[in-house]
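See below for the structure under consideration.
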Amino acid sequence: MRLLGAEVIPVTSGTATLKDAVSECMCEWTRRISDTHYCLGSVMGPHPFPTIVRDFQAVISRESRAQILKAEGRLPDAVLACVGGGSNAIGSFYHYIPDQDVKLIGCEAAGRGIDTFETAATINTGRLGIFHGMKSYFCQDEHGQIAPVYSISAGLDYPGIGPEHANLYDSGRASYVAITDDEAVNAFEYLSRVEGIIPAIESAHAIAHVMKLAPTMSKDQIIVATISGRGDKDCAAIARYRGEDIHE
Amino acid sequence: MSNPNGRFGIHGGQYIPEILMNAVNELEAAYNRYKDDPEFNAELQDLLDNYAGRPSRLYFAEKMTKDLGGAKIYLKREDLNHTGSHKINNVLGQALLAKKMGKTRLIAETGAGQHGVATATAAALMGMECVIFMGKEDTIRQALNV
């Protein structure tokens, strides 16, 4: 980022992760609105951000729907994507929402497990709340304060989920499964070895669910899973997770 | 689909300090003006195709399909986009919109660093100033992106 000419400001408040970076960004925007645009990165925050970001990410499902129709002559049985705030997932789902026979499955980060406090699985463990300008589901403590969340994946390490996902969950149109660090790391290594594709550790959460789901389906059924990003950035952290002492 | 107040069922809305209301109203007005504008969309499509490398491939993962022994698996390869993730799709749209609004500076949060890198890239391309906020913890575990 510095190479590209950007100034990077490390945020030390709270848990010093993504939610604190969002909070700090909102503060900065209030200090200097006239010449500054807050380029929010996920389908969250106050209206109109969830709608704007979704529309720009919907290119994913606009393309994939046409591509699968061309390749297979029919729509997939399931579409999978990882979910933190939920921008790649809503982009992957959007143009399939009216197709009721296409299952939409978001893969959340369970961290060390949804029965532990070290998790970021918002739908599976969170409650209704208001934070970062929106009403949605959030991981909260017993007092309703935003809980410190944890995932091996920095991109999914967020205590909330975009409001459109919360609504897709309420209506039953989409379902949300929780994937642990261990399952994601296994999937990260599996896809690298089997297909020669190193996925981002975020995307590996979706692959982990593909590995569970595909064997339960028949050979004439189809899954489309989104690889939201590449995994070069994660190689050192995964090696450390496996107990190897390497540094970038 | 959100209703005009930005609600998705009971979710969404605008729970923000007064001082930001003008800013989000200005953004909403600009977005409504440009989202169906043919010139804006042609400009964005050109950036997506020629700068970001879209459309991204839908790849049939044949070995994985055989190995798992069930459904056919296709992978939508957003990892092949410029800057290495889906984040660029949104950033090019917002940066172009910000430019039309006369903004000269982009700020953004980032977790894994992918959104930060994408925003810094778009700022460089469009000649805008850029400041990225990143949790200190994340600057350590995703050092490559800083």
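Computation of the quantities below employed the complete heavy-atom set of this structure, encompassing side-chain atoms and omitting hydrogens, waters and symmetry-equivalent molecules. In the text below, chain A, chain B and the rest are named by the order of the sequence lines, each starting its count at 1. Model, not experiment: these values are computed from the prediction.
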ask   = Can you find a pair of side-chain heavy atoms, one from A:Ile227 and one from B:Lys76, that are under 4.5 Å apart?
value = no
ask   = Which one, A:Ile52, A:Val22, A:Leu191, leads in non-hydrogen pairs under 4.5 Å with chain B?
value = A:Ile52
Report, one line per pair, each donor and acceptor closer than 3.5 Å where one atom sits in a side chain of residues 79-89 of chain A; sequence neighbours left out.
| unit_1 | atom_1 | unit_2 | atom_2 | d |
| --- | --- | --- | --- | --- |
| A:Ser87 | OG | B:His86 | NE2 | 2.9 |
| A:Ser87 | OG | B:Lys87 | NZ | 3.3 |
| A:Asn88 | ND2 | A:Cys82 | O | 3.0 |

ask   = For A:Ile161, is it the side chain, the backbone, both, or neither that has a heavy atom closer than 4.5 Å to a heavy atom of chain B?
value = neither
query = Is the shortest distance from a Lys or Arg side-chain nitrogen in A:Glu28 or B:Arg105 to a carboxylate oxygen in the other one below 4.0 Å?
reply = yes
remark   = Separation between OH (B:Tyr74) and CD1 (A:Ile223), nearest 0.5 Å, reads 12.0 Å
inquiry  = Once you measure the plane-to-plane angle for A:Phe56 and B:Tyr31, does it fall in the parallel (<30°), tilted (30-60°) or perpendicular (>60°) bin?
reply    = perpendicular
ask   = With a 4.5 angstrom heavy-atom cut-off, which part of A:Thr30 approaches chain B: side chain, backbone, both or neither?
value = both
query = If you measure only the distance, is there a donor-acceptor pair under 3.5 Å linking the side chains of B:Gln94 and A:Tyr38?
reply = no
query = In terms of heavy-atom proximity below 4.5 Å to chain B, should A:Ala200 be classed as side chain, backbone, both, or neither?
reply = neither
task = May I ask you to name which of A:Thr12, A:Asp20, A:Val210 has the most heavy-atom pairs under 4.5 Å with chain B?
result = A:Val210
request  = Could you look at A:Ser61 and say if it's the side chain, the backbone, both or neither that has a heavy atom under 4.5 Å from chain B?
outcome  = neither
query = Given the options A:Ser64, A:Gly5, A:Ala78, which has more heavy-atom pairs under 4.5 Å with chain B than any of the others?
reply = A:Ser64
task = Check each atom of A:Phe49 against the heavy atoms of chain B and say whether the ones under 4.5 Å are side chain, backbone, both or neither.
result = side chain
query = Would you say the side-chain atoms of B:Lys63 pair up with the backbone N or O of A:Glu195, donor to acceptor, closer than 3.5 Å?
reply = no
message = Using only atom types and a distance under 3.5 Å, with no angle test, would you say the side chain of B:Asn90 pairs donor to acceptor with the backbone of A:Leu40?
response = yes
ask   = Taking the side chain as C-beta and beyond, is there a heavy-atom pair between A:Thr36 and B:Leu106 under 4.5 Å?
value = no
query = Atom CG in B:Asp79, atom OG in A:Ser203: separation rounded to 0.5 Å?
reply = 7.0 Å
Among the listed options A:Pro46, A:Ala16, A:Ala6, the residue most often paired with chain B at heavy-atom distances under 4.5 Å = A:Ala16
remark   = When the 4.5 angstrom heavy-atom criterion is applied to A:Leu128 and chain B, the contacting part is side chain
inquiry  = So A:Leu18 and B:Glu109, do their side chains get closer than 4.5 Å, heavy atoms only?
reply    = yes
remark   = Assert top hit (heavy-atom pairs under 4.5 Å, partner chain B, pool A:Pro48, A:Ser228, A:Pro10) equals A:Ser228
key: Heavy-atom side-chain contact between A:Ile207 and B:Met64 under 4.5 Å   = yes
inquiry  = Need one label for A:Ile60: side chain, backbone, both or neither, based on atoms under 4.5 Å from any heavy atom in chain B.
reply    = both
ask   = Tell me, side chain or backbone of A:Ser171 under 4.5 Å from chain B's heavy atoms, or both, or neither?
value = neither
remark   = chain B shares the most heavy-atom pairs under 4.5 Å, among A:Met1, A:Gln221, A:Met217, A:Met26, with A:Met1
ask   = In terms of heavy-atom proximity below 4.5 Å to chain B, should A:Tyr158 be classed as side chain, backbone, both, or neither?
value = neither
query = Should the pair A:Glu72-B:Lys72 be classified as a salt bridge under the 4.0 Å nitrogen-to-oxygen rule?
reply = yes
key: A:Thr226, A:Ile197, A:Val224 screened by side chain to side chain contact (heavy atoms under 4.5 Å, CB included) with B:Leu75, the one that passes   = A:Ile197
note = Bottom line for B:Glu129: the part with an atom under 4.5 Å from chain A's heavy atoms is side chain
ask   = With a 6.0 Å cut-off on ring centres, are A:His132 and B:Tyr15 close enough?
value = no
query = Do the non-hydrogen side-chain atoms of B:Ser56 and A:Glu63 ever get within less than 4.5 Å of each other?
reply = yes
ask   = Using non-hydrogen atoms only, which part of A:Leu213 is less than 4.5 Å away from chain B: side chain, backbone, both, or neither?
value = neither
request  = Please look at A:Asp35 and chain B and tell me whether the side chain, the backbone, both or neither of the residue comes under 4.5 angstrom of a heavy atom of that chain.
outcome  = both
request  = Verify whether one side chain among B:Gln114 and A:Lys233 offers a donor that lies under 3.5 Å from an acceptor in the other.
outcome  = no
